[in-house]
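The next block holds one structure in the form of structure tokens; read it before the comments.
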Amino acid sequence: MHENRFLAAEAQTGLSRCEGIPAAYTGSMLRTMSGVQPTGNLHIGNYLGALVNWVELQRQYESFFSIVDLHALTQRPPAEQLRRAVREVAIGVLASGVDPEQATVFVQSEVPQHTELTWILSCVTQLGDLNRMTQFKDKSATQPDNINAGLFTYPVLQTADIVLYRAERVPVGEDQEQHLELARETVRRFNTVYAEVFPEPQVVRSTAPRVLGLDGESKMSKSRNNEIGLFETADETMQKLRGAKTDPARLRRSDAGNPDVCNIFSYHGFFTPAAERDEIAAGCRGATLGCVDCKSKLAANLEAVKGPIRERANELRSRPGELDEILAAGAVKARAAAEATMVLVRDAIGVRGPKL
Ligand code: AQP
């Protein structure tokens with residue numbers, strides 16, 4: 001039923017003629033949608049929590065991956081900084097293995113339907129539901145002099161991001177689960193009040209839902225200064241690791257350590273092969289391996305992953321025209337898919353919309 005109406009909407013707009021577009025709703029592949037904010041340098045939390053999953057998802061789903069610059073405005077970045085960050089984050093996404101031949105990679109603000117749908121969904125989303133969002137409280141605490149309305153309605157824009165592509169599967173980190181539940185609630189309300197337009201998005205749990213920062217306490221974050229950057233060199237990483245927290249009870253090298261409570265050892269869990277990890281754990285417990293050596297081993301294993309990513313990123317930086325082309329092509333595909341949804345939405349709610 002959904003799919004027939006969607007196909008009709010596409011036919012009406014002629015959008016399905018755009019190359020590479022929603023062959024989607026032939027029903028052969030489910031859709032997924034996810035985004036990353038250009039709010040700073042990508043870190044291994046973004047890599048493990050999102051990008052690694054995106055690389056897998058693009059093989060199984062029709063994928064829309066976005067650099068969500070409109071979300072970043074809630075932090076009020078200077079224009080030039082935002083422009084640069086959009087490019088750098090796009091480069092990081094591609095260098096990590098997201099393939100623009102398989103997935104639609106685009107910048108959110110190049111698809112104006114995101115903001116149109118946000119307003120419409122704002123009139124469906126309940127204030128009481130938004131009031132319960134813990135991320136608003138957390139973010140307000142980190143920027144007390146700029147608690148803007150966008151910070152509060154951020155989850156509505158996020159819902160629009162997802163449902164605009166009628167995504168059925170959404171990969172989320174731990175911090176985003178509450179927002180996805182709100183998105184599901186909004187979809188149910190819209191479909192009940194107006195018409196069955198949107199599928200209810202289901203969570204795809206990240207394999208690393210919450211990577212801790214170097215402080216060993218809070219989530220690794222672009223804006224918390226506790227990150228291991230994805231593009232950092234081995235030396236820069238080692239420099240940061242030197243000051244990073246380990247087992248707080250291990251005061252001297254001769255003390256036995258406990259890898260189970262050591263944040264550095266938790267990173268080994270992602271980057272170090274199992275056999276070497278077992279040796280490190282045994283060395284730590286037996287006090288034959290010191291924290292500095294443990295960190296050096298981690299730096300080497302991190303570099304084995306980050307080195308090739310950094311190299312691909314440098315190649316992309318050296319060909320800026322290619323990045324522009326990839327993002328322009330992604331925007332064309334994303335706009336077409338978004339407009340096909342908006343035809344249904346406008347029809348369901350009774351507004352006219354632009355005549356394209
Ligand atoms: N520490 C983390 N562990 C696991 N996953 C993480 N993600 C972010 N940090 C971690 C996941 O990365 C994706 C993109 O995140 P985002 O840029 O949209 O926003 P964020 O979660 O707010 O990321 P940051 O780095 O903490 O940014 P700032 O400092 O700007 O708020 C998401 O899938 C997220 O779950």
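Read the numbers this way: they start at 1 and go in the same order the structure lists the ligands and their atoms. These numbers come from a predicted model, not from an experiment.
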Could you identify the single nearest non-hydrogen protein atom to [atom] and state the distance to 0.1 Å?
atom	value
atom 26 (O) of ligand 1	Ser221 OG, 2.5 Å
atom 6 (C) of ligand 1	Gly45 O, 3.5 Å
atom 25 (O) of ligand 1	His43 NE2, 2.7 Å
atom 19 (O) of ligand 1	Gln37 NE2, 3.3 Å
atom 8 (C) of ligand 1	Asn46 ND2, 3.1 Å
atom 23 (O) of ligand 1	Lys222 NZ, 3.6 Å
atom 29 (O) of ligand 1	Ser223 OG, 2.4 Å
atom 3 (N) of ligand 1	Val211 N, 2.8 Å

Of all the atoms in ligand 1, which lie at a distance below 4.0 Å from a heavy atom belonging to [X]?
X	answer
Asp175	21 (O), 35 (O)
Gly35	14 (C), 18 (O)
Gly173	35 (O)
Gly49	4 (C), 5 (N)
Thr39	27 (O), 28 (P), 30 (O)
Ala208	4 (C), 5 (N)
Arg210	3 (N), 4 (C)
Lys139	22 (O), 28 (P), 31 (O)

Open item on the list: Would you compute the distance between atom CD of Glu181 and atom CE of Met133 and round it to the nearest 0.5 angstrom?
Closed with: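 CE of Met133 is found 9.0 Å from CD of Glu181.
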
TODO: Write down the atom of Leu212, the atom of Tyr267, and the distance for their closest heavy-atom approach.
DONE: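 Minimum heavy-atom contact is O-OH, 2.7 Å.
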
- [ ] Considering non-hydrogen atoms only, spot the tightest contact between Arg250 and Ala287 and give its length.
- [x]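 Shortest heavy-atom separation between Arg250 and Ala287 comes out as NH2-CA, 3.6 Å.
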
Looking only at side-chain N and O atoms, does [Y] offer a donor or acceptor that is under 3.5 Å from a partner on [X]?
X	Y	result
Ser223	Gln75	no
Asn263	Ser266	yes
Asp161	Gln108	yes
Lys306	Thr237	yes

Task: Tyr61, Phe65, Phe64 screened by ring pair (Phe, Tyr, Trp, His ring centres under 6.0 Å) with Trp54, the one that passes - done: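 Option passing the ring pair (Phe, Tyr, Trp, His ring centres under 6.0 Å) with Trp54: Phe65.
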
Open item on the list: Tell me whether Leu51 shares a hydrophobic cluster with Val68, the cluster being built from Ile, Leu, Val, Met, Phe, Trp, Tyr side chains joined at under 4.5 Å.
Closed with: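 Different clusters: Leu51 never reaches Val68 through Ile, Leu, Val, Met, Phe, Trp or Tyr contacts under 4.5 Å.
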
- [ ] Spell out, yes or no, whether Leu157 and Trp119 are grouped together once hydrophobic residues are joined by side-chain heavy atoms under 4.5 Å, including indirect joins.
- [x]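 No, no single cluster joins them.
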
Open item on the list: If you count heavy atoms of other groups shown closer than 6.0 angstrom to CG of Asn225, is the number above 12?
Closed with: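 Atom CG in Asn225 is not crowded, with 12 or fewer foreign heavy atoms closer than 6.0 Å.
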
- [ ] Report, as yes or no, whether the 6.0 Å neighbourhood of atom CZ on Arg59 holds more than 12 heavy atoms from other residues, nucleotides or ligands.
- [x]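 Count over threshold, so yes.
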
Open item on the list: For ligand 1, which is the ligand I care about here, please tell me if Ala50 has any N or O atom under 3.5 Å from one of the ligand's N or O atoms.
Closed with: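 No - when backbone and side-chain N and O of Ala50 are compared with those of ligand 1, no distance drops under 3.5 Å.
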
TODO: State whether the shortest distance between N or O atoms of Arg224 and N or O atoms of ligand 1 falls below 3.5 angstrom.
DONE: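 Arg224 vs ligand 1: no N/O contact under 3.5 Å.
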
- [ ] Could you tell me whether Ser34 approaches ligand 1 through its side chain, its backbone, both or neither, with non-hydrogen atoms closer than 4.0 Å?
- [x]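 Ser34 to ligand 1: no contact under 4.0 Å from either part.
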
TODO: Identify which of His71, Lys219, Gln158 has a heavy atom lying nearest to atom 21 (O) of ligand 1.
DONE: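 Heavy atom nearest to atom 21 (O) of ligand 1 belongs to Lys219.
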
